[in-house]
Number of protein chains: 2
Amino acid sequence: MNNQFITPDGYTSDIAVFTITSEQVGEYKPPKKELKIMLIKRSELDHEGNSNMEAGKWALPGGFVLPEETAFQAAERRLAEETGVEGLKIKHFGVYDSPGRDLRGWIISNAHYVTASEAALRSRKKTYDASEIGLFTLAEALELDLAFDHRTIMDDALWFIKKDMALTTLAKHFLPEEFVLSELQGVLLTVLDDPSISTDAAFFRKAPTLPFIEAVLEDGKPKKSNRYSKTPAQLYRFNDFQPIVSVYRNKLQG
Amino acid sequence: MNNQFITPDGYTSDIAVFTITSEQVGEYKPPKKELKIMLIKRSELDHEGNSNMEAGKWALPGGFVLPEETAFQAAERRLAEETGVEGLKIKHFGVYDSPGRDLRGWIISNAHYVTASEAALRSRKKTYDASEIGLFTLAEALELDLAFDHRTIMDDALWFIKKDMALTTLAKHFLPEEFVLSELQGVLLTVLDDPSISTDAAFFRKAPTLPFIEAVLEDGKPKKSNRYSKTPAQLYRFNDFQPIVSVYRNKLQG
DNA sequence: CTAATAGTGTCTCTGAGACACTATTAG
DNA sequence: CTAATAGTGTCTCAGAGACACTATTAG
């Protein structure tokens, strides 16, 4: 294609991968859950042997978009190439195009976020693009020396995670198929601060009535689990109900 | 800047401008409200005298982003240049970068939407980029032969308008400072379909209690208006309360 | 007076919030 | 038995939904 138009110097795709880790804190106790983000340490050289911009700094996985793909597809591809992780739900949330955001020139980045269960990230591995790869709590990550404007992108991504956690059934991506109410509560509390979630009596009464989760049955009997308690606790799963909320109405709608 | 990277052929910004028109349907009657979108008819020649791509078709206002600005700033600038409209609230909602979406090459577009009162669009005017400019209902607009993938962009924009109308105080951008409950109801009903809004008894009882609107006082007395009824009706205004909703809670939070 | 818009009175029922209470089980 | 997690019983109160009713005013 000719260059008849004013064109940017590059078009990239970045991905903020979030997960919620479970730390076993004792037998028959609900684990401690924490929101973490996956970052890579940029290699000194890229795979063509050229020295890498912002090498040695921690950064979001990402890279240049190819002409035959969309930024979304590039996000999938780069995530696999840089971290070995595949098959996750990716969502676009913003564009970063301030002049000067990247010293290499006028480079536009599409930012995506991914919500993954801890298990899904187990396959992560170092690659030639990433000399290290790690999971950080948000507090830790904000202490790091981050490449480009990735700190801003992370802040924004976190805001979208919080919003989607409150407005959609996003929590399901951080949970196993079948889960116990205290697990759901733990996931929600990593991100949301609400008495109706943090108060046990309120949460345990309300949650079973939520239209988008349902009790799991086995042979017609309630299926229970002891994984986090001596008392057998009911297992739940998300169904396909997509709740719709509105500031003009109090009840949930389908 | 050198061209060391794989670069797109162009970077553009498009704007879907929405308004809600009021059609007086009789004296002392609430007007008929309708959601409309502002489109331009692409000129045969651009301002440099070159023939314009997709000339003669209806399209969203928009244009190329300059290297020293962001897509957001380009949206502001192009809206002023192409339609003469300024000072509106612009929000980014998506990126369109499918290969082949624009026959001129690999061209990425950032899509924005704008919510304007009818009055704000009164200053719209034809320019050298727009041989015509018009307001269309969504039904009308979807009948038109639209340029590029602007039909898709419009569909998506509409979806965001609906979402934001339900989740935020977006309605305020379509209303005068001080308004009457039936006006608010009319605005909401152009986009939302909910019995708690369309049922008069329910809406008129609920609306005055919403935390983000308040009754207007004048000399300590309720301020009323007869603009749409013989009965004087209370005037309301939006305050700065930003409602937060959640699928895990029924009540609104600040 | 009528007709139209803008509300309110009153009922029922659901569900939130608070707080104490019960249930289950490993060890 | 104890200790810990997972709930439930019961009360009160706010508010949604339904439906009939009242209030205000131009003409």
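Just so we're clear, the structure is a prediction, and the values are computed from it rather than from any experiment.
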Using atom CZ of B/F203 as one end and atom P of D/dC19 as the other, report the distance to the nearest whole Å.
20 Å
Rounded to whole Å, CG of A/N226 lies from P of C/dG27 at a distance of 11 Å
From NZ of A/K224 over to P of D/dG7, roughly how many Å is that when rounded to an integer?
6 Å
Under the side chain to side chain contact (heavy atoms under 4.5 Å, CB included) criterion, do B/Q185 and B/F204 qualify, and how do the steps go?
CA-CA 9 Å; B/Q185 186 187 29; B/F204 279 87; 3.9 Å; yes
Once you round it to whole Å, what is the distance between C1' of C/dA16 and CD of B/Q253?
14 Å
Base partner of C/dT22, which must satisfy Watson-Crick or wobble distances under 3.5 Å:
D/dA6
Which heavy atom of A/F203 sits nearest to which heavy atom of A/I197, and what is that distance?
CB-O, 3.5 Å
Does the side chain of A/S229 get closer than 4.0 angstrom to OP1 or OP2 of C/dT25 through an N or O atom?
no
Against the side chain of A/A201, the closest entry in C/dA20, D/dA26, D/dT24 is C/dA20
Between the side chains of A/K33 and A/S22, does any donor sit under 3.5 Å from an acceptor?
yes
Parallel under 30°, tilted from 30 to 60°, perpendicular over 60°: which one fits the rings of B/F160 and B/F93?
tilted
In whole angstroms, the gap separating C1' of C/dT8 from CG of B/L181 amounts to 14 Å
Residue matched to C/dC11 through Watson-Crick or wobble contacts both under 3.5 angstrom
D/dG17
Can you find a side chain N or O atom of A/T199 that sits less than 4.0 Å from OP1 or OP2 on C/dG17?
no
Between B/E132 and B/K126, does a salt bridge (charged side-chain N to carboxylate O under 4.0 Å, His left out) hold up when you go through it step by step?
CA-CA 6 Å; B/E132 283 186 62; B/K126 289 190 268 184; over 6 Å; no
Starting the side chain at C-beta, find the nucleotide from D/dG17, D/dT24, C/dA6 nearest to B/S196.
D/dG17
Rounded to whole angstroms, how far apart are CD on A/E27 and P on D/dT5?
13 Å
Look at all strands and tell whether A/A202 reaches a base, only sugar-phosphate, or nothing, counting heavy atoms closer than 4.0 Å.
nothing
Which whole-number value in Å describes the distance from B/L252 CG to D/dA16 C1'?
14 Å
G-U wobble or Watson-Crick pairing nucleotide for C/dG27 (cut-off 3.5 Å, both distances)
D/dC1
Does atom NZ of A/K89 have more than 12 heavy-atom neighbours from other groups under 6.0 Å away?
yes
How about B/D14 and B/Y96: does a side-chain donor come under 3.5 Å of a side-chain acceptor?
no
Under 4.0 Å, counting only non-hydrogen atoms across every strand here, what does B/P30 touch: a base, just sugar-phosphate, or nothing?
sugar-phosphate
Nearest to the side chain of A/P232, which nucleotide is it out of C/dA26, C/dT24, C/dA6?
C/dT24
From the candidates D/dA6, C/dA6, C/dT24, the one with an atom nearest any side-chain atom of A/V180 is D/dA6
Out of C/dT24, D/dC19, C/dA6, which has the shortest distance to the side chain of A/T231?
C/dT24
Minimum-distance nucleotide (side-chain atoms of A/K29 versus D/dA4, C/dA26, C/dG7):
D/dA4
Protein proximity profile, nucleotides 10-15 of chain D - base contact B, sugar-phosphate-only contact S, no contact -, cut-off 4.0 Å on heavy atoms:
B-----
Check every strand shown and say whether B/T209 touches a base, only sugar-phosphate, or nothing at a heavy-atom separation below 4.0 Å.
nothing
For the pair B/H112 and B/F72, name the ring-plane relationship: parallel under 30°, tilted 30 to 60°, perpendicular over 60°.
perpendicular
I need the CG-C1' distance between B/D200 and D/dC19, as an integer number of Å.
13 Å
Listed nucleotide nearest any side-chain atom of A/K230, set C/dG7, C/dT24, C/dA26
C/dA26
